Amino acid sequence: MVRLLSSFLFLLSISITAYSAALTTLIGANERLCFYADVDKAGEKIGFYFAVQSGGSFDIDFDIKDPNEKLLLSGERERQGDYVLTANTVGEYSFCFENDISTLTGKLVDFDIMVESEPRREAPAKPGQISEQTSALEESVFRLNNMLMGIKRLQKQCEPFRISLLIALIGNSSFHTNENRGFDVVKSTQNRIFWYAVLQTGGIIGMAVLQVYVLQTFFTSTGRRYKV
């Protein structure tokens, strides 16, 4: 318990700074575009996130290289990715996107690059346990920060869907309104047609009865009789 408390107090005493670059860029057809981030100390964490927002099949190639041009991570036809790397070499790291799989369509890519900077304290007497627990806690804090950024990115990505859903709900309400109005018009027209048919049928029956009566009266009427 004392060790955990000491580790927690030590974690509060250190300063953890991180800088990030949230960018959206358009990568043309057959184009390779690279971005760079500097690492000041070995052992720092690098967070890298990207997502293809539009264009083609929503996929792109990417690669990450260290200052010695050593390939650290790569992917082909990836739609999105979220990675955490440990920078073992001080210098400039490159994050490149390549759109050679598309010959006509550009790709709109949203990405974040976060580089952590953590000053480390030299262990006083026992370098073992407190340092290890602190390193684990620091890494957990960094991952938690990365998760929070992921939630913000998810909210940003869900915003168009929320707007589309709102528009769909408004359209659905308008559709129901028009449907109810149309149903009322059809019902009213149906009632009018029904009563018109009833009146027309009654008129036809009345005319038939009148014709029968007139003919019957014409043939059964008595004429004048004369005596001879």
Side-chain angles (χ1 to χ4, degrees), residues 17-40 42-117 139 141-179:
T17 59
Y19 63 90
S20 63
L23 298 173
T24 300
T25 183
L26 179 63
I27 303 175
N30 297 320
E31 182 182 6
R32 179 180 175 85
L33 193 60
C34 295
F35 299 88
Y36 302 91
D38 292 324
V39 174
D40 299 330
E44 291 182 349
K45 303 294 188 301
I46 301 176
F48 176 59
Y49 164 83
F50 74 92
V52 181
Q53 301 295 330
S54 64
S57 300
F58 299 92
D59 54 359
I60 201 166
D61 300 341
F62 77 96
D63 60 74
I64 303 174
K65 295 182 180 180
D66 66 1
N68 299 323
E69 294 297 324
K70 179 182 178 182
L71 183 64
L72 300 179
L73 187 65
S74 65
E76 295 182 355
R77 297 181 180 273
E78 297 288 341
R79 295 191 171 187
Q80 69 178 40
D82 197 352
Y83 307 98
V84 177
L85 307 174
T86 300
N88 297 320
T89 305
V90 176
E92 190 176 63
Y93 285 73
S94 64
F95 304 82
C96 297
F97 298 101
E98 190 169 1
N99 189 22
D100 60 348
I101 57 179
S102 178
T103 57
L104 297 175
T105 308
K107 304 293 178 64
L108 187 65
V109 181
D110 183 19
F111 67 97
D112 286 344
I113 300 175
M114 172 182 288
V115 179
E116 176 199 34
S117 180
E139 186 173 355
V141 169
F142 181 74
R143 289 185 177 274
L144 180 61
N145 187 27
N146 205 21
M147 290 174 61
L148 292 176
M149 290 190 63
I151 294 174
K152 291 181 179 179
R153 290 192 296 263
L154 183 61
Q155 290 177 346
K156 180 181 178 181
Q157 293 178 1
C158 290
E159 184 66 19
F161 295 100
R162 186 183 70 84
I163 296 175
S164 300
L165 180 59
L166 181 60
I167 294 175
L169 290 176
I170 295 174
N172 190 28
S173 177
S174 177
F175 171 76
H176 282 297
T177 301
N178 295 331
E179 183 182 15

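The structure displayed is predicted, hence computed values, not measured ones. We count residues from 1, following the sequence as given.
For Phe95 and Phe111, the distance between ring centers is not under 6.0 angstrom.
Interatomic distance, Leu33 CG to Glu98 CD, rounded to the nearest 0.5 Å: 11.0 Å. Leu108 CG to Ile27 CD1: the interatomic distance, rounded to the nearest 0.5 Å, is 9.0 Å.
Legend: residues meeting side chain to side chain contact (heavy atoms under 4.5 Å, CB included) with Asn88, ordered by chain and number and at least two apart, are Thr86. Partners of Ser94 under the side chain to side chain contact (heavy atoms under 4.5 Å, CB included) rule, at least two apart in sequence or in another chain, are Tyr36, Lys65, Cys96.
At least one side-chain heavy atom of Val115 sits under 4.5 Å from a side-chain heavy atom of Val39.
At distances below 3.5 Å, not a single donor-acceptor pair connects side-chain atoms of Asn68 with backbone N or O atoms of Lys70.
The minimum heavy-atom distance between Ile113 and Ala37, with the atom names listed, is CG2-CB, 3.9 Å. Among all heavy-atom pairs drawn from Asp59 and Lys107, the shortest one is O-NZ, 2.7 Å. Annotation for Val52 and Glu78: closest pair CG2-O, 4.0 Å, computed over non-hydrogen atoms. Residues Thr105 and Asn99 share a closest heavy-atom pair of O-ND2, 3.1 Å. Between Asp66 and Thr89, the shortest heavy-atom distance links the atoms OD2-OG1, 4.4 Å.
Residue pairs satisfying the ring pair (Phe, Tyr, Trp, His ring centres under 6.0 Å) criterion with at least one member in residues 60-86, sequence neighbours excluded, are listed as follows: Phe50-Phe62, Phe62-Tyr83.
A salt bridge between Arg32 and Asp61 is absent, with no side-chain N of the basic residue lying under 4.0 Å from a carboxylate O of the acidic one.
Residue Glu76 places its CD atom among 12 or fewer non-hydrogen atoms of other residues, nucleotides or ligands, all under 6.0 Å distant.
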Test side-chain contact (heavy atoms from CB on, under 4.5 Å) applied to Leu85 and Tyr93, step by step: CA-CA 11 Å; Leu85 307 174; Tyr93 285 73; over 6 Å; no
Would you check, one step at a time, whether the test side-chain contact (heavy atoms from CB on, under 4.5 Å) holds for Thr24 with Gln53? CA-CA 9 Å; Thr24 300; Gln53 301 295 330; 5.5 Å; no
